[in-house]
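Basis for what follows: all heavy atoms, side chains included, without hydrogens, waters or symmetry-related copies. Each chain gets a letter, A, B and so on, in the order its sequence line appears, and its residues count up from 1. Please read these numbers as outputs of a predicted model, since none were measured by experiment.
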2 protein chains.
Amino acid sequence: MSQEKTILIVDDEAAIRDMLRIALEMADYRCLEAADSQQAHTIIIDERPNLILLDWMLPGSSGIDLARRLKKDELTASIPIIMLTAKSEEDNKIQGLEIGADDYITKPFSPRELVARLKAVLRRTEGLTPLEPIEIEGLRMDPINHVVTLDDSPLQMGPTEYRLLSFFLTHQDRVYTRGQLLDHVWGGNVYVEERTVDVHIRRLRKALTTHDRFIQTVRGAGYRFSVKLVANA
Amino acid sequence: MSQEKTILIVDDEAAIRDMLRIALEMADYRCLEAADSQQAHTIIIDERPNLILLDWMLPGSSGIDLARRLKKDELTASIPIIMLTAKSEEDNKIQGLEIGADDYITKPFSPRELVARLKAVLRRTEGLTPLEPIEIEGLRMDPINHVVTLDDSPLQMGPTEYRLLSFFLTHQDRVYTRGQLLDHVWGGNVYVEERTVDVHIRRLRKALTTHDRFIQTVRGAGYRFSVKLVANA
DNA sequence: CGTTATGATGACATTTTTGTGACAGCGGTA
DNA sequence: TACCGCTGTCACAAAAATGTCATCATAACG
């Protein structure tokens with residue numbers, strides 16, 4: 001299960017888009033529908049990309065305006081942007097960096113360079129999770145060292161169980177269906193059997209051994225993580 | 001209150017120096033005396049700067065030679081360098097990065113861009129170069145003499161392994177993804193496969209032989225250096 | 001009770017991730 | 001020139017995690 005990243009391409013030249021798409025898909029990235037020239041200033045997508053490749057020159061609305069608007073909008077401000085500029089436009093790169101683009105690439109560029117820079121930008125913005133440790137009833141999860149302890153003794157579990165526990169700790173006292181758990185913990189667009197959730201719940205329970213009272217089964221509905229003991233309904 | 005960083009400016013144009021000084025001081029950095037054209041090849045300072053801004057073109061001795069010498073000298077090898085290049089020299093940027101400069105900026109640049117890049121470089125190299133020797137459990141790193149010993153017997157390792165260990169020693173008990181390690185240890189603008197990290201982790205582990213328990217693999221996440229933590233999560 | 005629906009559990013093949021040895025390129029040096 | 005150390009990448013081995021299934025246990029309900 002590779003952690004797939006999605007890239008949004010905004011360019012009005014179909015040839016460039018195709019080239020980008022091929023390069024990106026070879027590197028295991030998923031491309032979102034590239035906005036064409038006319039709608040470039042009103043991109044509507046129903047999925048949040050991990051990164052935006054934005055051409056500097058867009059007819060109607062210039063790429064830099066678009067970038068500025070994206071960076072202003074709360075919803076999109078945190079998405080890193082890489083600007084594509086023609087060589088003659090290179091002077092603009094400073095302006096591009098100033099308004100918040102995370103990198104720029106001058107055309108023509110090699111696919112390899114593109115992917116390399118893209119990786120660098122993604123990696124730079126990736127590790128920005130200075131989350132606070134969570135502790136309840138002796139169960140402590142510290143995302144900084146990626147360690148779960150129960151009464152100070154470390155617990156061992158797989159990555160999926162870790163994510164599952166992480167989700168539960170931040171969403172306590174509420175019942176989630178298997179489908180919802182798949183959405184939140186596995187990620188939206190994966191196809192796995194709902195029963196798989198049962199197995200991982202089992203594995204997480206085993207990892208928590210003595211404290212498996214935390215995870216409650218709600219028959220016919222799903223699972224709930226809670227410190228309080230709640231009667232099922 | 002702010003942890004003051006000192007920047008050494010090496011440029012023969014007084015106008016540039018003044019501009020840099022103003023920009024840097026506005027951003028709360030402290031500037032060291034800029035070497036002028038004549039002494040550029042024999043910088044003598046009595047304070048160790050946190051970063052060096054180095055002009056590519058220096059009369060008498062070219063900036064790149066100076067950079068190379070700085071990177072060779074044990075005392076200064078660990079100080080990050082940002083090269084300033086004129087636009088026409090941009091082809092040289094690759095060469096600059098190759099000899100060990102941590103970033104480059106092409107003139108003309110905005111003060112804002114300068115500070116942004118400078119911050120990025122400082123952030124990456126932060127804590128990477130302790131001035132005091134560090135010792136834990138018989139493992140001792142002496143940054144001044146650039147020597148690592150284990151129970152008083154010297155260990156041999158390559159430069160990359162040394163930097164990796166140096167980073168780990170100053171950032172213990174915390175998981176870093178391969179990408180983050182590339183960012184901090186290799187530098188932000190190198191394009192290297194993430195698996196390369198694995199290989200260097202292996203080489204470092206081999207160099208530490210008996211104490212390879214320090215470097216822990218956190219499956220699905222990255223690596224962690226720690227004396228105490230044992231179980232993964 | 002008996003029947004049925006739903007969850008728990010152990011086993012297992014497959015996939016993913018990491019460890020490891022080898023190798024070619026590069027720059028420095030004898 | 002030949003040699004040497006370091007580096008990044010690769011191919012393959014090893015290890016761990018994952019998803020699915022068959023089967024068992026239990027709750028719900030008549």
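- To the nearest angstrom, C1' of dA8(C) lies 10 Å from CZ of Arg178(A).
- Between Phe214(B) and Phe168(B), the distance separating the two ring centers is not shorter than 6.0 angstrom.
- For the residue pair Thr160(A)/Arg163(A), the side-chain donor-acceptor check at 3.5 Å is satisfied.
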- prompt: Reading nucleotides 24-30 of chain D 5' to 3', which nucleotides get B (base under 4.0 Å from a protein heavy atom), which S (sugar-phosphate only), which -?
  reply: --BS---
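- Comparing dT9(C), dG19(C), dT18(D) against the side chain of Glu161(A) picks out dT18(D) as the nearest.
- In terms of position on DNA chain D, the residue among Thr196(A) and Thr160(B) whose nearest nucleotide sits closer to the 5' end is Thr160(B).
- Close to dA8(C), at under 4.0 Å from its OP1 or OP2, lies no side-chain N or O of Arg202(A).
- Comparing dG19(D), dT20(D), dA8(C) by their nearest atom to the side chain of Glu193(A) picks out dT20(D).
- If you measure from atom OH of Tyr176(A) to atom C1' of dG7(C), you get 21 Å, rounded to the nearest angstrom.
- Remark: the Arg195(B) side chain and the dG19(C) base include a donor-acceptor N/O pair separated by less than 3.5 Å.
- Applying the side-chain contact (heavy atoms from CB on, under 4.5 Å) test to Val199(A) and every residue at least two apart in sequence or in another chain returns Arg203(A).
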Side-chain polar contacts of residues 152-159 of chain B - donor-acceptor pairs under 3.5 angstrom, sequence neighbours left out - could you list them?
residue, atom, partner, partner atom, Å
Ser153(B), OG, Leu150(B), O, 2.9

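- Here dC6(D) presents its C1' atom at 13 Å from CH2 of Trp186(B), a figure rounded to the nearest Å.
- Considering only side-chain atoms of Lys206(A), the nucleotide from dG10(C), dG19(D), dG7(C) that sits closest is dG10(C).
- Remark: P of dG5(D) and CE of Met157(B) are 17 Å apart, rounded to the nearest angstrom.
- As a whole-Å value, the separation of Glu194(B) CD from dT16(C) P is 17 Å.
- The residue among Arg203(A) and Ala221(B) whose nearest nucleotide of DNA chain C lies closer to the 5′ end is Arg203(A).
- Following rounding to the nearest Å, Arg205(A) (CZ) and dG10(C) (P) show an atom-to-atom distance of 13 Å.
- Annotation: ring-ring contact (aromatic ring centres under 6.0 Å, His included) contacts of Tyr223(A) (sequence neighbours excluded): none.
- Distance Tyr223(A) OH to dT6(C) C1': 9 Å, rounded to the nearest Å.
- Annotation: side-chain contact (heavy atoms from CB on, under 4.5 Å) contacts of Glu135(B) (sequence neighbours excluded): Arg140(B).
- Listed by chain and number, the residues in a ring-ring contact (aromatic ring centres under 6.0 Å, His included) with Tyr162(B) are His146(B) (sequence neighbours excluded).
- Rounding to whole angstrom units, CG of residue Asp198(B) and C1' of dT16(C) are separated by 13 Å.
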